[in-house]
Amino acid sequence: YKAPTILVVPPRANVSCQWNVWVPRDISAMTNSCVVIPCTFMYPSGIRPYRGTHGIWYFGQPYPQLFPPVVFKSRTDVVHESYKGRTKLLGDLHQRNCTLLINNIGTEHSGRYYFRADLGGANMYTYPDFSELKVLDQPNIDVPEEIVSDESLELTCYAPDNCPDMTPEIQWMYTDYLPDPEFSSDYLEESNTAVLSSTLTFTPRPMHNGQLLGCRVYYPNTTLVYERLISLDVKYAPRSVWVNVSSEVMEGSSVMLHCEVDSNPPPRISWMFGDQELLWDTASNVSLSLDDVTPAQEGIYTCVGDNGYGTMNTSLYLAVKYPPREPLVNDSMTVLEGSSLALHCSTQGSPAPTLTWLKDGELVGTITADELSVLDIVEITPQGDGQYRCLAENEHGRASSSFNITVEYAPVLLEESKCTVVREGVQCVCIATGNPEPTIEFYLPDLNITINETDGRYNFYTHTDGHTSTGMIKLREKGERVDNGGPAVNVHCSIYNMYGRESIHLELQQEKKYMMAVIVGTIGGVAVIAFIIAAVRYVGHNNKKENGNPRQDVVLENPALYYSAVKKDKQNLRKKVLKTELLGSKFNSILEETTGEDGDYQPAGSMAGLEKQELNYAALEFIGARSREGASGRGDDGSNYTEIKAK
């Protein structure tokens with residue numbers, strides 16, 4: 001048996017004339033147990049109790065006229081039903097001790113208790129001070145307002161010890177999973193009330209959030225057991241942030257990015273793209289939806305979780321696949337021969353495209369697997385002139401861009417430039433290439449004449465085809481003969497543009513077809529002349545045989561016969577000459593096509609002279625022939641002759 005604690009107040013002068021009471025302001029007890037409310041009262045010293053000192057305990061309020069429930073009354077056993085057989089006065093009212101015992105209390109007995117002193121007659125007084133009883137059906141656990149992960153935590157369980165007949169004991173439950181728990185007990189007395197406490201100390205982790213802990217209070221040798229369970233609310237910074245794995249999407253498609261954060265309390269989750277916040281919400285997970293994705297949205301997306309206790313983030317890379325864009329290349333350009341160039345081609349595509357350089361459809365340079373390709377051209381030549389195209393390709397498509405390079409260079413004379421002999425004279429051709437197209441002039445140093453497109457003489461003709469210029473003149477005067485029988489030609493060709501000038505002496509070359517005609521004509525002419533001489537001698541020789549005397553003068557009995565015979569032979573010769581010339585005319589037909597003139601050629605060589613020159617006479621000598629009047633004569637040297645005319 002544990003004696004109740006009696007409140008003793010030392011007498012004081014200023015107290016002797018007052019009505020006072022001392023009770024604990026707060027007191028607690030477990031249900032179905034008991035509680036002792038310590039009490040000491042005072043009254044004025046001038047009052048003498050009449051018929052003894054009595055007292056009354058009220059519940060709820062101190063004013064009798066409001067008929068509060070009576071807990072205990074010393075004069076009678078009349079109490080409120082809820083307190084029948086439950087209350088007992090432990091103190092001696094004559095000793096001014098008003099300590100009250102309440103047994104088998106329940107939660108309905110929680111409230112304020114007031115004491116009223118009855119000293120007899122009109123000396124009755126209800127003290128305004130009260131003691132508030134709290135009847136507990138489970139122990140109290142003192143839990144800090146905030147439990148933070150990785151910080152030491154103390155939890156205290158309290159059990160009131162205000163029942164003299166029973167002493168409580170405390171046990172902690174569900175502590176097996178705690179890391180290195182420590183237990184300690186304490187006994188507290190304050191205002192004549194006692195409280196037993198047990199403290200559990202450990203360091204919580206995020207894994208302990210939501211775990212259950214319990215405190216059990218029991219009274220030995222009784223069936224009274226009281227338990228309380230709590231769930232640990234462990235605050236911790238985000239310890240994991242889960243997002244999608246990095247992914248690839250096609251341009252124009254949609255994608256959903258998920259983020260889930262483990263933290264307590266739930267964090268503020270934000271989706272970041274670079275420094276730009278795209279979406280945020282206070283929740284344990286947030287999803288970001290991207291529609292009609294463009295290449296500009298490719299990059300690193302970061303999910304950031306922040307709950308005030310810490311910050312954590314995780315990133316993913318979103319790759320946007322798309323075909324190559326139209327390459328960016330140099331502008332079309334005009335450069336000078338010998339210049340060095342760097343041709344650039346850049347594009348965008350995912351995956352990175354391959355870049356190929358083409359010139360006029362042919363591969364040049366190397367194939368580059370990058371978004372930039374540089375084609376270096378060192379000392380460009382005229383052959384570098386053309387269209388350049390950069391082709392970009394990847395698995396999703398292709399694109400290309402092109403530009404032109406124009407190479408300008410000084411004129412160059414082509415080897416086809418020459419002078420050739422044609423039937424009407426000499427034809428000179430000058431062919432040159434250059435950019436800009438070269439201008440062609442001819443210069444005749446013997447005559448000090450310059451022939452160009454402003455000069456209509458010598459049938460000057462010029463033509464331009466691309467970067468090639470052709471100039472041509474015809475010299476109808478064949479010139480003087482040189483040792484080999486050909487004409488002497490002195491012609492210079494001058495070519496020039498803004499980058500240079502060149503002048504060259506054109507060599508004379510005989511055209512094969514014309515030379516063949518001349519050779520054939522010459523041989524034919526010689527043959528005809530030889531034939532005529534032979535024919536004349538043959539006729540004369542036969543005449544001598546008929547006369548029998550080779551030394552005798554011959555008299556032509558029928559001159560017309562000889563004349564006709566000679567004339568007939570002459571006509572046959574003319575036919576043979578013409579037939580020979582036809583061989584040459586076949587060669588000359590090609591030359592006519594070159595000059596563009598029809599029927600204007602003159603026959604060349606000895607044959608031409610024979611055709612145009614008529615045979616006027618032939619001289620035959622007759623020895624011992626008879627002369628006819630008007631048909632014979634004597635030469636200056638005394639020789640006799642007969643003249644046969646051909647008409």
Side-chain angles (χ1 to χ4, degrees), residues 1-12 14-29 33-105 109-135 160-165 189-194:
Y1 175 79
K2 183 169 60 178
T5 301
I6 304 299
L7 178 64
V8 178
V9 180
R12 291 181 297 174
N14 59 347
V15 175
S16 61
C17 61
Q18 296 179 359
W19 296 89
N20 289 313
V21 67
W22 284 267
V23 292
R25 183 62 181 264
D26 296 293
I27 193 170
S28 59
S33 68
C34 69
V35 64
V36 173
I37 302 176
C39 177
T40 299
F41 65 96
M42 300 288 291
Y43 54 86
S45 58
I47 296 178
R48 296 290 183 264
Y50 177 70
R51 295 182 180 179
T53 301
H54 297 276
I56 303 173
W57 281 94
Y58 290 122
F59 175 76
Q61 46 189 324
Y63 307 112
Q65 60 270 28
L66 297 179
F67 303 103
V70 176
V71 177
F72 175 81
K73 189 174 184 179
S74 61
R75 289 185 181 272
T76 65
D77 295 333
V78 178
V79 296
H80 191 271
E81 291 184 359
S82 61
Y83 291 98
K84 284 183 179 181
R86 296 174 183 265
T87 58
K88 179 181 179 181
L89 190 65
L90 297 181
D92 184 357
L93 294 178
H94 293 89
Q95 299 295 324
R96 303 178 184 182
N97 186 338
C98 51
T99 299
L100 177 67
L101 169 65
I102 306 175
N103 290 306
N104 195 23
I105 60 176
H109 299 137
S110 295
R112 294 179 178 180
Y113 288 82
Y114 296 88
F115 179 71
R116 179 180 176 84
D118 181 4
L119 302 180
N123 296 319
M124 301 178 65
Y125 183 78
T126 300
Y127 296 96
D129 293 337
F130 60 87
S131 179
E132 185 164 358
L133 172 64
K134 294 180 180 179
V135 181
D161 187 16
N162 295 309
C163 183
D165 296 332
E189 288 187 281
E190 183 178 356
S191 300
N192 293 310
T193 62

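You'll find the side chain of Ile47 stays beyond 4.5 Å of the side chain of Tyr125, heavy atoms only. You'll find the side chain of Tyr58 reaches within 4.5 Å of the side chain of Val70, heavy atoms only. Side-chain contact between Pro62 and Pro128 is absent, with no heavy atoms from C-beta onward closer than 4.5 Å. In this structure, the side chains of Gln18 and Met42 stay at 4.5 Å or more apart for every pair of heavy atoms. Inter-residue side-chain proximity for Ile27 and Leu133 is flagged as met; some heavy-atom pair is nearer than 4.5 Å. Contact annotation: the side chain of Ser74 never approaches that of Asp118 to less than 4.5 Å [non-hydrogen atoms, C-beta and beyond]. Counting only heavy atoms from C-beta outward, the side chains of Trp57 and Lys73 never approach each other to under 4.5 Å. The side-chain heavy atoms of Tyr43 and Leu119, taken from C-beta on, include a pair separated by under 4.5 Å.
Within a 6.0 Å radius of CD in Glu81, other residues, nucleotides and ligands contribute 12 heavy atoms or fewer.
For Gly120 against Arg75, the heavy-atom pair with the smallest separation is CA-NH2, 4.2 Å. For Val21 against Cys98, the heavy-atom pair with the smallest separation is CG2-SG, 4.5 Å. Here the shortest heavy-atom pairing between Thr126 and Arg116 reads OG1-NH1, 2.5 Å. The minimum heavy-atom distance between Gly55 and Leu93, with the atom names listed, is N-CD1, 3.3 Å. Heavy-atom minimum distance, Asn103 versus Cys34: OD1-CB, 3.3 Å. Contact record, Ser110 with Phe59: O-CZ, 3.3 Å, taken as the closest heavy-atom pair.
If you take CG on Asn123 and OG1 on Thr53, they are separated by 10.0 Å, rounding to the nearest 0.5 Å. Taken to the nearest 0.5 Å, the CD atom of Glu132 stands 11.0 Å off from the CD1 atom of Ile37. Between Thr99 atom OG1 and Asp92 atom CG the span is 10.5 Å, to the nearest 0.5 Å. Here CG of Leu101 is found 11.0 Å from CG of Asn162. Values are rounded to the nearest 0.5 Å.
Between the side chain of Tyr114 and the main chain of Tyr63, no donor-acceptor pair closer than 3.5 Å is present. Between the side chain of Ser28 and the backbone N or O of Pro160 there is no donor-acceptor pair closer than 3.5 Å.
Here His109 pairs with nothing under the side chain to side chain donor-acceptor pair (under 3.5 Å) rule; sequence neighbours left out.
Checked against the 6.0 Å centroid threshold, Phe115 and Tyr113 do not count as a close aromatic pair.
Under the salt bridge (Lys or Arg N to Asp or Glu O under 4.0 Å) criterion, no residue pair touches residues 49-63, with sequence neighbours excluded.
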Yes or no on side-chain contact (heavy atoms from CB on, under 4.5 Å) for Tyr83 and Phe72, after CA distance, side-chain angles and deciding distance? CA-CA 8 Å; Tyr83 291 98; Phe72 175 81; over 6 Å; no

